[in-house]
J.: 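My structure is below; once you've seen it, I'll send some questions.
Keep in mind that the numbers below use all heavy atoms, side chains included, and drop hydrogens, waters and symmetry copies.
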Amino acid sequence: MNTTEISVFVIYLVFMLSIGIWFFMKSKDGSDKSYFLGDRAMGPWVTALSAGSSDMSAWVLMGLPTSVYALGLGQVWICIGLLAGYALSWIFEAPRLRKFSIVAKDSITLPQYLTNRFLSKSLALQFICAVVFLIAYTIYSASSMKACGTLFNTVMGMDPQLAMYLGALIIVSYTFLGGFSAVCWTDFFQGLLILGALLIAPIFAATLVDASQAASIPANFWDMTAKWQDIVSGLAWGLGYFGMPHIIIRFMSLRDQKDMTKSAIIGISWTALILIFAAIVGVVGRMYLGMDDNINKNSLVFITMVRNIFPALISGVLLSAVLAASMSTADSQLLAAASSFASDVYQPMIRNNKAGNTEMLWAGRFVVLAIAIISVIIASSPNAGSIMSLVSNAWGVFGAAFGPAILLSLFWRRFTFNGAVAGIVAGAIVDIGWFIYMPSSGVYELLPGFVGGLIAGVIASLIDAEPSEEVLKLYDDAMNYKE
């Protein structure tokens, strides 16, 4: 146990909590739009770094480097796929989604947008989306809680389960208080910290590697084309961005369309640096640390490297980046699930559209608390799997279920409500079915799930009656929307 590292952690956690308190105190109207979407007042820097850091959870500091460390450069295809998908989502999806969500009755959640896009009074789509949200976000959040437990156990010797509860308490507290604005601003600062840590650690470690250590690595470690499944599956990761609710909701929150290009440049540049240096951490870690089963099993490449190289004060700051990565994703996931439940289930189905602002906020806050508790329970299970596997499972479900439906809603005028329902259901079922029954294929389940959802959405829409004149007008109004 190192008291200096612990002191740095405590200062960092207090700073994050203070942001939540600040936005709670300065909240103007206490409306659900303010709590769940920050009044669409986010600037380009906050939006871009918040979107990036809410995506790059602890897996980018622990899971991804360890995959490269253990399996070689074939895993770098994940980085290539993610960067391509992220760039395309900013360039093609973000501008339209912000306009469409405003025209579609100023929608503040993804399920609400998909329903309003078709001017439907049916609650089926909102309910299906909310169920997928609650299940997938609970699994996704478990990966962040597991990372907190691993970090505190390694650095402080604290019981991993106790550490998970501590991390969950901090995350829930500032999300509970400050809502979307607090989440975006904490993610902004955490994004800067994550980038700094990934830039510094491998550069210093590389100066300590000698030629004999590099020569001892097996030749197949350097082969990026060893398996076609690695290439296909790695590139398929990029499809997840088109349907990742806690990331694309940032597109909806931008202050105006003029900030879109600036946000895209900032966000894509940040993500490119993060992914490149995450892979470099894995490569340099293999040369510097050698192959160690404990490091591989517990995803400790970055943590071990930092603690071996730097004095306690600096290592404490750099290791706080792991906390930053864990919290920046968990808070966004909790808030997205809470907003979906409050706006898409509690208000229309349970309260029959009679709940006031205060009641809606507390319904959302209750979901934040419930998901956090369940996530910790999942993460503490010995059968939970690695950080990378938990992220992979949740990422696949989201991308396969929502990606095709959102893209078709933005780019196809003929797309219908029933097509959206079919696409979401089919994408989720194919993704989960492939994961359960076809693991031997070596192909990431997101790819067949995405294709399945896309085909189902198109076929169901073509079989269905054409959209009404009002729905077609909404599409045209969104395409012509100007601030």
J.: My understanding is that only residues two or more places apart in sequence, or in another chain, count here; which of them pass side chain to side chain contact (heavy atoms under 4.5 Å, CB included) with Ile432?
T.: Val397, Ile436
J.: Indicate the atoms forming the closest heavy-atom contact of Ser101 with Arg98, along with that distance.
T.: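 Heavy atoms only, the tightest pair is OG-O, 2.9 Å.
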J.: Parallel, tilted or perpendicular, judged at 30° and 60°: which one describes the rings of Phe133 and Phe402?
T.: perpendicular
J.: Other residues, nucleotides and ligands only: do more than 12 of their heavy atoms fall within 6.0 Å of CG on Asn294?
T.: yes
J.: Using a cut-off of 6.0 Å, state whether more than 12 heavy atoms not belonging to Tyr165 lie near its atom OH.
T.: yes
J.: Minimum heavy-atom separation for Gly399 to Leu446, with atom names?
T.: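 Closest approach of Gly399 to Leu446, heavy atoms only: C-CD1, 3.6 Å.
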J.: Using modelled atom types and a 3.5 Å cut-off, is there a donor and acceptor pairing between side-chain atoms of Ser141 and backbone atoms of Thr138?
T.: no
J.: Working to the nearest 0.5 Å, report the span between OH of Tyr444 and CG of Asp230.
T.: 14.0 Å
J.: Does Asn298 reach the main-chain N or O of Leu300 with its side chain, forming a donor-acceptor pair under 3.5 Å?
T.: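 Checked: no pair found.
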J.: Please tabulate, one pair per line, all N/O donor-acceptor pairs under 3.5 Å involving side-chain atoms of residues 63-76, not counting sequence neighbours.
T.:
| unit_1 | atom_1 | unit_2 | atom_2 | d |
| --- | --- | --- | --- | --- |
| Thr66 | OG1 | Met62 | O | 2.7 |
| Ser67 | OG | Gly63 | O | 3.1 |
| Tyr69 | OH | Gly290 | O | 2.4 |
| Tyr69 | OH | Asp292 | N | 2.7 |

J.: With distance as the sole test, does Thr304 use its side chain to make a donor-acceptor pair with the main-chain N or O of Val301 at under 3.5 Å?
T.: no
J.: With respect to Tyr241, which candidate in Trp395, Phe92, Trp90 satisfies the ring pair (Phe, Tyr, Trp, His ring centres under 6.0 Å) definition?
T.: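 Result for ring pair (Phe, Tyr, Trp, His ring centres under 6.0 Å) with Tyr241: Trp395.
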J.: Would you give the length of the straight line joining atom CD of Glu445 to atom CH2 of Trp434, rounded to the nearest 0.5 angstrom?
T.: 10.0 Å
J.: Determine whether Phe100 and Ser107 satisfy the following criterion, side-chain contact (heavy atoms from CB on, under 4.5 Å), listing intermediate values before the conclusion.
T.: CA-CA 9 Å; Phe100 272 69; Ser107 304; over 6 Å; no
J.: With side chains defined as the heavy atoms from C-beta onward, is the minimum distance between Leu198 and Leu273 less than 4.5 Å?
T.: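 No, every pair of side-chain atoms sits at 4.5 Å or beyond.
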J.: I'd like to know if the side chain of Ser233 and the backbone of Gly442 have a donor-acceptor N/O pair within less than 3.5 Å.
T.: yes
J.: Using distance alone, with no hydrogens and no angle criterion, decide if Glu5 and Ser315 have a side-chain donor and acceptor under 3.5 Å apart.
T.: yes
J.: Let me confirm one number: the CG-OG1 distance from Leu195 to Thr271, rounded to the nearest 0.5 Å.
T.: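 So the CG of Leu195 and the OG1 of Thr271 are separated by 10.0 Å.
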J.: CG/Leu97 to CG/Leu407 distance, rounded to the nearest 0.5 angstrom?
T.: 10.0 Å
J.: Do we see a donor-acceptor contact under 3.5 Å between the side chains of Ser392 and Trp237?
T.: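 Side-chain D/A pair, Ser392 to Trp237: absent.
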J.: Could you label the plane-to-plane angle of the Phe398 and Tyr140 rings as parallel, tilted or perpendicular, counting under 30° as parallel and over 60° as perpendicular?
T.: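 Aromatic pair Phe398/Tyr140 classed tilted.
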J.: Does any non-hydrogen side-chain atom of Ile295 lie less than 4.5 Å from one of Phe302?
T.: no
J.: Would you check if the distance from the ring center of Trp270 to the ring center of Tyr86 is below 6.0 Å?
T.: no
J.: Under a 4.5 Å cut-off applied to non-hydrogen side-chain atoms, are Cys129 and Leu114 in contact?
T.: yes
J.: Heavy atoms only: give me the nearest Ile268-Ala87 pair and the separation to one decimal.
T.: CD1-CA, 3.7 Å
J.: Does any non-hydrogen side-chain atom of Arg307 lie less than 4.5 Å from one of Leu318?
T.: no
J.: In sequence, state the C-alpha distance, the side-chain angles, and the governing distance for Trp228 and Val443, and then conclude on side-chain contact (heavy atoms from CB on, under 4.5 Å).
T.: CA-CA 9 Å; Trp228 68 267; Val443 174; 3.9 Å; yes
J.: Just to verify, what does Ile429 make a side chain to side chain contact (heavy atoms under 4.5 Å, CB included) with, not counting sequence neighbours?
T.: Val425
J.: With Leu454, which residues qualify under side chain to side chain contact (heavy atoms under 4.5 Å, CB included), at least two apart?
T.: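 Partners of Leu454 under the side chain to side chain contact (heavy atoms under 4.5 Å, CB included) test: Pro404, Leu408.
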J.: Tell me the closest heavy-atom pair linking Ala206 and Val284, and the distance in Å.
T.: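 So the minimum-distance heavy-atom pair works out to N-CG1, 3.7 Å.
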J.: So do Ile231 and Ile80 actually touch side chain to side chain, heavy atoms under 4.5 Å?
T.: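 Answer no - side chains too far apart.
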J.: Does some side-chain heavy atom of Val8 sit less than 4.5 Å from a side-chain heavy atom of Ser320?
T.: yes
J.: Identify the heavy atoms of Ser375 and Tyr137 that sit nearest to each other, and give their distance.
T.: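 Minimum heavy-atom separation between Ser375 and Tyr137: OG-O, 4.5 Å.
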J.: Can you measure from CD1 (Ile203) to CD1 (Ile309) and round to the nearest 0.5 angstrom?
T.: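 Between atom CD1 of Ile203 and atom CD1 of Ile309 there are 11.0 Å.
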J.: If you look at every heavy atom in Ala426 and Gly452, which pair is closest and at what distance?
T.: CB-O, 4.1 Å
J.: Run the side-chain contact (heavy atoms from CB on, under 4.5 Å) test on Val283 and Ile217 for me, step by step, so that the C-alpha distance in whole Å, both residues' side-chain angles and the decisive distance to 0.1 Å come before the verdict.
T.: CA-CA 10 Å; Val283 173; Ile217 298 176; over 6 Å; no
J.: Output every pair passing ring-ring contact (aromatic ring centres under 6.0 Å, His included) with a member in residues 278-297, not counting sequence neighbours, ordered by first then second residue.
T.: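 Matches after skipping sequence neighbours: none remain.
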J.: In chain order, what residues pass the side chain to side chain contact (heavy atoms under 4.5 Å, CB included) check against Ala379, with sequence neighbours excluded?
T.: Ala142, Met145, Lys146, Met164
J.: Distance check, rounded to the nearest 0.5 Å: Leu235 atom CG versus Cys79 atom SG?
T.: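 One gets 11.0 Å once the value is rounded to the nearest 0.5 Å.
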J.: Is the number of heavy atoms from other residues, nucleotides or ligands under 6.0 Å of Phe310 CZ greater than 12?
T.: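 Yes, CZ of Phe310 has more than 12 neighbouring heavy atoms, counting only those of other groups under 6.0 Å.
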